[in-house]
K.L.:
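The structure under discussion is supplied below as structure tokens; questions concerning it will follow.
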There are 2 protein chains.
Amino acid sequence: MSQHRTRAEQRRDTEARILAAARETFARLGYERTTIRAVAASAGVNAGLVMHYYGSKEELFSRAAKLPDDELPAGHPAEALLSTLRRRLDDEPVASLVVLRSMLTHAEASKEFRAAASGWLGRIGDAIPAQDADLRAGLISAIITGVVIDRYLLKLSSLADASADDIVSLLRPCFESLTNDPPH
Amino acid sequence: MSQHRTRAEQRRDTEARILAAARETFARLGYERTTIRAVAASAGVNAGLVMHYYGSKEELFSRAAKLPDDELPAGHPAEALLSTLRRRLDDEPVASLVVLRSMLTHAEASKEFRAAASGWLGRIGDAIPAQDADLRAGLISAIITGVVIDRYLLKLSSLADASADDIVSLLRPCFESLTNDPPH
DNA sequence: GTCTATACATCGATAGAC
DNA sequence: GTCTATCGATGTATAGAC
């Protein structure tokens, strides 16, 4: 039972399928090892069509790589940061993994990460009452990055198999000391 | 004034020069973007010679990528780990950066990192008196990895410009709580 | 010991058919 | 809207000259 679909609808669907396939492949293999042909096959279309819609591999990557600008919840900085960590431990969005996977080896991914980190670091720093707030914010960000990398990208068992609750609990004292918060 | 050198000596020198050039290039660009031609040019020799000596790009990478098996100094676990961190903050060896740069996108680098992390995590875990020692060890390792990545690979200013002393000081409470050590 | 020449595969990108 | 055909560039690897 085929649906009636305009050409525009059909195109939107196909474009979305291609983008989803691109996200999955970029997140898994990184920029260099991902080929347009593989993305096309995974989306069930032809390689030429991917180029037709997205123009270039670089443009496809840019569309696939998006970091959410984590807003910092109100309240005590340590708890706010821990709740952000909590959310990312439960399910790190694929679009984020696209950036993380390639940020060490691809300029565009590195740039995207820097841009997001820049805003993110500023907000953390503003919430920390200390003259070395920038360094403290950088350390918190580095901890989160390291944990997410080991858990989702390298899948090291000690972190990949742990519960998000346990990780958050163990890191609470770290975040409290780095944000200059008293323990509670 | 040319030295007298046997062919064997000459060969050792050239091989070493190629390996050093390979380390620098792999560390800077990662596995995929590094070309045999670029390594050869950087070493002042021909591309064919690199292949002649190392057989394949993969083999050259294996020779260039070596993680030192950090031994854990004796004493209180937290201080021992902090002194290891201290050493890595002062100068992370190029051979290590080769592994770190490509570990997210190249299987061989990932394998090398896992192997080193495995031994490393075991030693940390053994030194921590807690039933969840494995997770604690994984978190400590993730923190170090995250900090080194941000400082040396991404060069985020807040970490790249900071002094090793300041970083160690700020992370001391983190390591103490994760190793279950009392502060002192 | 080191270099030249080249085979061979892969991939991004383009042009045009259906 | 989607696919076929193909070009051109790049890079590893091999064979052999000097």
Side-chain angles (χ1 to χ4, degrees), chain A residues 2-26 28-65 98 102 105-109, chain B residues 2-22 24-26 28-65 98 101-102 105-109:
Chain A
S2 67
Q3 301 273 341
H4 287 289
R5 299 199 303 182
T6 65
R7 271 164 117 92
E9 285 171 341
Q10 174 82 355
R11 160 154 185 169
R12 268 204 313 277
D13 279 8
T14 304
E15 249 192 84
R17 239 176 39 244
I18 291 172
L19 189 58
R23 288 216 166 93
E24 187 278 327
T25 312
F26 278 132
R28 184 162 43 88
L29 302 178
Y31 182 84
E32 303 288 345
R33 302 182 68 87
T34 295
T35 67
I36 297 286
R37 286 171 165 84
V39 170
S42 168
V45 299
N46 185 271
L49 195 63
V50 176
M51 297 299 298
H52 184 68
Y53 284 164
Y54 290 93
S56 71
K57 182 181 178 181
E58 194 62 53
E59 177 63 22
L60 177 62
F61 182 83
S62 290
R63 294 282 304 278
V98 169
S102 294
T105 44
H106 188 61
E108 178 66 24
Chain B
S2 66
Q3 301 275 338
H4 288 288
R5 299 198 306 182
T6 65
R7 272 165 117 90
E9 285 170 340
Q10 174 83 354
R11 161 152 183 166
R12 269 204 314 277
D13 280 8
T14 306
E15 250 192 84
R17 238 177 38 245
I18 292 171
L19 190 57
E24 187 278 327
T25 313
F26 278 132
R28 184 163 43 88
L29 302 178
Y31 182 84
E32 303 287 346
R33 302 182 68 88
T34 294
T35 68
I36 298 287
R37 284 170 165 87
V39 170
S42 168
V45 299
N46 185 270
L49 195 62
V50 176
M51 296 299 298
H52 184 121
Y53 285 164
Y54 291 93
S56 71
K57 181 180 177 182
E58 193 62 51
E59 177 64 22
L60 177 63
F61 182 84
S62 290
R63 295 281 305 278
V98 170
R101 176 72 74 185
S102 294
T105 44
H106 189 60
E108 179 66 22

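A note on names: the letters A, B, ... follow the listed sequences, proteins ahead of strands, and every chain is numbered from 1.
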K.L.:
Tell me whether A:Lys57 forms a cation-pi arrangement with A:Phe26, defined as NZ or CZ under 6.0 Å from the six-membered ring centre and within 45 degrees of its axis.
P.N.:
no
K.L.:
Atom NZ of A:Lys57 to atom P of C:dC11: distance rounded to whole Å?
P.N.:
9 Å
K.L.:
Please pick, from D:dG11, C:dG12, D:dT2, the nucleotide with the shortest atom-to-atom distance to any side-chain atom of A:Ile36.
P.N.:
C:dG12
K.L.:
Assign each of B:Gly48 and A:Thr35 to its nearest nucleotide of DNA chain C by heavy atoms, then name whichever residue's nucleotide is nearer the 5' end.
P.N.:
B:Gly48
K.L.:
Taking NE2 from A:His52 and P from D:dT2, how many angstroms apart are they, rounded to a whole number?
P.N.:
9 Å
K.L.:
Quick one: label A:Ala8 by what it contacts on the DNA or RNA (base, sugar-phosphate, nothing), any heavy atom closer than 4.0 Å.
P.N.:
sugar-phosphate
K.L.:
Rounding to an integer number of Å, can you tell me how far A:Tyr53 OH sits from C:dG12 P?
P.N.:
19 Å
K.L.:
When the distance from CG of B:Leu49 to C1' of D:dA17 is rounded to whole Å, what number comes out?
P.N.:
15 Å
K.L.:
Between the side chain of B:Glu9 and the main-chain N/O of B:Thr6, is any donor-acceptor distance below 3.5 Å?
P.N.:
yes
K.L.:
Walk me through it: do A:His106 and A:Phe61 pass the test side chain to side chain contact (heavy atoms under 4.5 Å, CB included)?
P.N.:
CA-CA 11 Å; A:His106 188 61; A:Phe61 182 83; 4.0 Å; yes
K.L.:
C:dG12 P sits how many Å from A:Glu59 CD, rounded?
P.N.:
15 Å
K.L.:
In whole angstrom, give the distance that lies between atom CE of B:Met51 and atom C1' of C:dT4.
P.N.:
15 Å
K.L.:
Does D:dT2 have OP1 or OP2 sitting under 4.0 Å from an N or O in the side chain of A:Thr14?
P.N.:
yes
K.L.:
On DNA chain D, does the nearest nucleotide to B:Gly55 precede the nearest nucleotide to A:Asn46 from the 5' side, or the other way round? Give the residue.
P.N.:
A:Asn46
K.L.:
Where the side chain of A:Arg37 is concerned, which of D:dA13, C:dC11, C:dC3 is the nearest nucleotide?
P.N.:
C:dC11
K.L.:
Ignoring hydrogens and geometry, is there a side-chain-to-backbone donor-acceptor pair from A:Thr25 to A:Thr34 under 3.5 Å?
P.N.:
no
K.L.:
What nucleic acid atoms does A:Thr6 come within less than 4.0 Å of, heavy atoms only: base, sugar-phosphate, or nothing?
P.N.:
nothing
K.L.:
I need the OH-C1' distance between A:Tyr54 and C:dC11, as an integer number of Å.
P.N.:
20 Å
K.L.:
Please report the distance, rounded to the nearest Å, between CD1 in A:Ile18 and C1' in D:dC3.
P.N.:
12 Å
K.L.:
When you measure from the side chain of A:Tyr54 to the backbone of A:Glu15, do you find a donor-acceptor pair of N or O atoms at a distance under 3.5 Å?
P.N.:
yes
